[in-house]
*Asks:* 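Below: one structure in structure tokens.
Only this structure's heavy atoms are used, side chains among them; waters, hydrogens and symmetry mates stay out.
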Number of protein chains: 2
Amino acid sequence: MVESPSRKPETAQSLVRLDDVDRRILRELQRDAGQSLEEIARAVGSSKTPVWNRIRKMRDAGIVGKQTVILDAEALGFEACFFVLVRTSEHEAAWQADFLEAVRERPEVQEAHRLAGDIDYILKVRVKNARAYDAFYQALISQVKVHNVTALLSMEEIKATTALPV
Amino acid sequence: MVESPSRKPETAQSLVRLDDVDRRILRELQRDAGQSLEEIARAVGSSKTPVWNRIRKMRDAGIVGKQTVILDAEALGFEACFFVLVRTSEHEAAWQADFLEAVRERPEVQEAHRLAGDIDYILKVRVKNARAYDAFYQALISQVKVHNVTALLSMEEIKATTALPV
DNA sequence: GCTGAAACCTTCGGGAA
DNA sequence: TTCCCGAAGGTTTCAGC
């Protein structure tokens, strides 16, 4: 795939209009970012230069972000996955900033969302085992004050994709 | 990055022991899979050939999976994200298979886990807007019988990574 | 916009230290 | 093991359509 020579995503709020070919390129990149330009070009029915220019434009617009590799969590010993529902009684900016920092600096938190409704946050936490989850939980509650925490334990990951249906 | 020339991940249940260098390579690959072998080698303090052999071994063992690209969901108009908590009264194999298929074939479902406890499943659903979520919801409940569905609406994604803390 | 081709890098594998 | 080299094949640019 095309290299990523430290181009800064500028506006991110792209005014770039995507056509059908752009979307097909995005589908190919999501499916396998390790393909050669030539393979992508063939798959989308174009040739290397135009595909290269389109990818560059979408990268500059911030639509195409970083290239990564999906690792097998189980094979690496991350055998437990929890969804953690957090309720807080604090709603000040300072508390929010603390919570945000706590979540961002803990590598076991793979996702975190602030929610509407009576549950304030949801976290997705991947750890080696239940003991490691407890260590995470203890660290979190000692760092920020939370009102109520519910952990949902995953028994089986039945689907996992980062792909958007573009 | 190193190409992925259709090598089948064999056992997946790797008996491959990873050392420190392997783990550093995985960290680099997760950070940016678009780097050249040479950059990775420099980052982990080795040289190209051994790094290439280690990546190949980890790919063959199924530890390193597919290479993909992270797209900016907002820039592409996916402005709503829901976590959907599903309870069912059915627990037969046939129902499970139906639910699994429904979830796997719907591209708006990015993640799905079967849970322990009184909530049976959690889904992460990314859609363009609330109306699109409703369309998804209607389609789902008409396809499989569910007892209770609660949707948690994300207001803000405060963290998102696919990286494991290897 | 697209194409084709030239210039330049990288990868991947062999052979030698 | 690691290093070095070279062929093969990739990416990026550019002139011409």
*Asks:* Could you check which of D:dC14, C:dT10, D:dG10 has an atom nearest any side-chain atom of A:Glu38?
*Replies:* D:dG10

*Asks:* Expressed in angstrom and rounded to an integer, what is the separation of B:Asn53 atom CG from C:dG13 atom P?
*Replies:* 9 Å

*Asks:* Would you say the side-chain atoms of A:Lys159 pair up with the backbone N or O of B:Val109, donor to acceptor, closer than 3.5 Å?
*Replies:* yes

*Asks:* In whole Å, what is the span from the CZ atom of A:Arg59 to the P atom of D:dT11?
*Replies:* 11 Å

*Asks:* Go through D:dT2, C:dC12, D:dT11 for me and flag the one nearest to the A:Ser36 side chain.
*Replies:* D:dT11

*Asks:* Does D:dT2 have OP1 or OP2 sitting under 4.0 Å from an N or O in the side chain of B:Ser47?
*Replies:*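 No.
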
*Asks:* From the options C:dT11, D:dT11, C:dA5, select the nucleotide whose nearest atom is closest to the side chain of B:Leu37.
*Replies:*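 When the side chain of B:Leu37 is considered, C:dT11 is the closest of C:dT11, D:dT11, C:dA5.
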
*Asks:* Tell me which nucleotide among D:dT2, C:dG1, C:dT3 gets nearest to the side chain of A:Lys57.
*Replies:*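 Nucleotide nearest to A:Lys57's side chain: C:dG1.
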
*Asks:* How long is the line joining CZ of A:Arg54 and P of C:dT3, in whole Å?
*Replies:*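 About 11 Å, once rounded to whole Å.
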
*Asks:* Indicate yes or no for a side-chain donor-acceptor contact from A:Glu90 to the backbone of A:Lys145 under 3.5 Å, with no hydrogens or angles considered.
*Replies:* no

*Asks:* For B:Pro50, answer base if it contacts any base atom (sugar-phosphate contacts may also be present), sugar-phosphate if it contacts only those atoms, and nothing otherwise; contact means non-hydrogen atoms under 4.0 Å.
*Replies:* sugar-phosphate

*Asks:* Let's see if you can work this out: which of C:dG13, D:dG10, C:dT11 has an atom nearest to the side-chain heavy atoms of B:Lys48?
*Replies:* C:dT11

*Asks:* Are any side-chain N or O atoms of B:Arg23 and backbone N or O atoms of B:Leu18, one a donor and one an acceptor, separated by less than 3.5 Å?
*Replies:* yes

*Asks:* Measure CZ/A:Arg42 against P/D:dG9 and give the value in whole Å, please.
*Replies:* 13 Å

*Asks:* B:Asp60 has an atom CG; how far is it from atom P of C:dC12, in whole Å?
*Replies:*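 To the nearest whole Å, that distance equals 13 Å.
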
*Asks:* Side chains of A:His113 and B:Ser154: donor-acceptor distance under 3.5 Å anywhere?
*Replies:*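 Their side chains do contain a donor-acceptor pair, which is all the 3.5 Å distance test asks for.
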
*Asks:* Distance check: side-chain N/O of A:Trp52 vs OP1/OP2 of D:dT12, anything under 4.0 Å?
*Replies:* yes

*Asks:* What is the separation between atom CD on B:Gln35 and atom C1' on C:dC9, rounded to the nearest whole Å?
*Replies:*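 It works out to 16 Å between those atoms.
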
*Asks:* Has the side chain of A:Ser46 got a donor or acceptor that lies under 3.5 Å from a partner of the other kind on the base of C:dC2?
*Replies:*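 No, no donor-acceptor pair under 3.5 Å.
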
*Asks:* Strictly by modelled atom types, are B:Gln143 and B:Gln138 linked by a side-chain donor-acceptor pair under 3.5 Å?
*Replies:* no

